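Have a look at the structure below before the remarks.
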Amino acid sequence: MLLKGKETANQIKEEIAKEVEAIVNTGVRAPHLVAILVGEDGASKTYVKNKELACQKVGFSSTLIRLPEETTEEELLNKIEEINNDDSIDGMIVQLPLPKHISENKVTQAIHPAKDVDGFHDVSIGKLTKGQDTFISATPYGIIQLLDRYNIETKGKHCVVIGRSNIVGRPMSILMSRSGNPGNCTVTVCHRHTQNLEAFTKMADILIVAVGIPEFVTGDMVKEGATVIDVGITRVDADNSKGYVLKGDVHFDSAEKVAGYITPVPGGVGPMTIIGLMQNTLKSHQAKFNG
Ligand code: GUN
């Protein structure tokens, strides 16, 4: 069965839009998200545009700040500080990757934790790890909600996460092992040095793949009836009008035959990641206006 991220995301967007309408009807301003995009990376431009469109759809204000590739680290940090001090802004994201001369770590740590709707700040990650209330980074948050909306049982199950990035794999593994629902899983984290990967993937009741290698996981690596979450979205050259097709980290056609539930690419995890961002921005707004 397909886990239709796009459909679920649209449903949640409608719910958020209703909440925003109710907020604005009380005379309070709408939530406001600022995105900073440095340089001309094609995929980043698309992601940021989709985030802006999602803001429009739910009734948020959004501002896109586009800075040239040659922006210095200091200039970017100054801009972040300005936004940190601007009361009319609830959340800020700096789209990654950044040009090589700018430290991603310095940038993510410069964003005030109260506006860290990407959940990349050490404070956000620390709180997540300790099971405290915080901004959960968008992709893991979106996946959790997809599992939740489809009522997929996670308690006591074996969840295997392939990939240990700070953005997806690591926080995902923490969320799936935490006390809560979805959660309460036994979690195994696999990565590039894992030996006999297939032995682990075959044991997974829930398999979450975030490696960025097209069709890395094939059907013969999947346990019968497993839930397969494909985080990959790689542009692969193709002879069509766009010049590329989007491929997941899972070989869909073979995995679909074995899996109980599976996310398609596109239309699976991707749309859900934007939901996480919208919800974090709303949460930040609520913290400001509802205490
Ligand atoms: N680049 C890839 N994913 C993300 C994300 O979730 N947030 C930001 N800021 N940059 C990204």
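All values reported here derive from a predicted model rather than from experimental measurement. Just follow the structure's listing: the first ligand is 1, and inside any ligand the first atom is 1.
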* Asked: When only distance counts, is Y47 in polar contact with ligand 1, meaning an N/O pair under 3.5 Å?
  -> no
* For N10 and E7, does a side-chain donor sit closer than 3.5 Å to a side-chain acceptor? -> no
* Which protein non-hydrogen atom lies closest to atom 6 (O) of ligand 1, naming both residue and atom, and how far is it? -> D118 OD1, 3.8 Å
* Using the side-chain contact (heavy atoms from CB on, under 4.5 Å) rule, pick out the option among I144, N151, I152 that qualifies with P182. => I144
* Backbone of G39 reached by a side-chain donor or acceptor of K45 within 3.5 Å -> no
* Go through ligand 1 atom by atom and flag the ones less than 4.0 Å from a non-hydrogen atom of V94. => 8 (C), 9 (N)
* **Short side-chain donor-acceptor distance under 3.5 Å, N105 and S103** => no
* To do: Could you say whether the N/O atoms of Q95 and ligand 1 ever approach to under 3.5 Å?
  => yes
Tell me which donor-acceptor pairs under 3.5 Å the side chains of residues 135-142 have, and how far apart each pair is, sequence neighbours excluded?
| unit_1 | atom_1 | unit_2 | atom_2 | d |
| --- | --- | --- | --- | --- |
| S137 | OG | I167 | O | 3.3 |

* **Residue part near ligand 1, for L96, under 4.0 Å between non-hydrogen atoms** => both
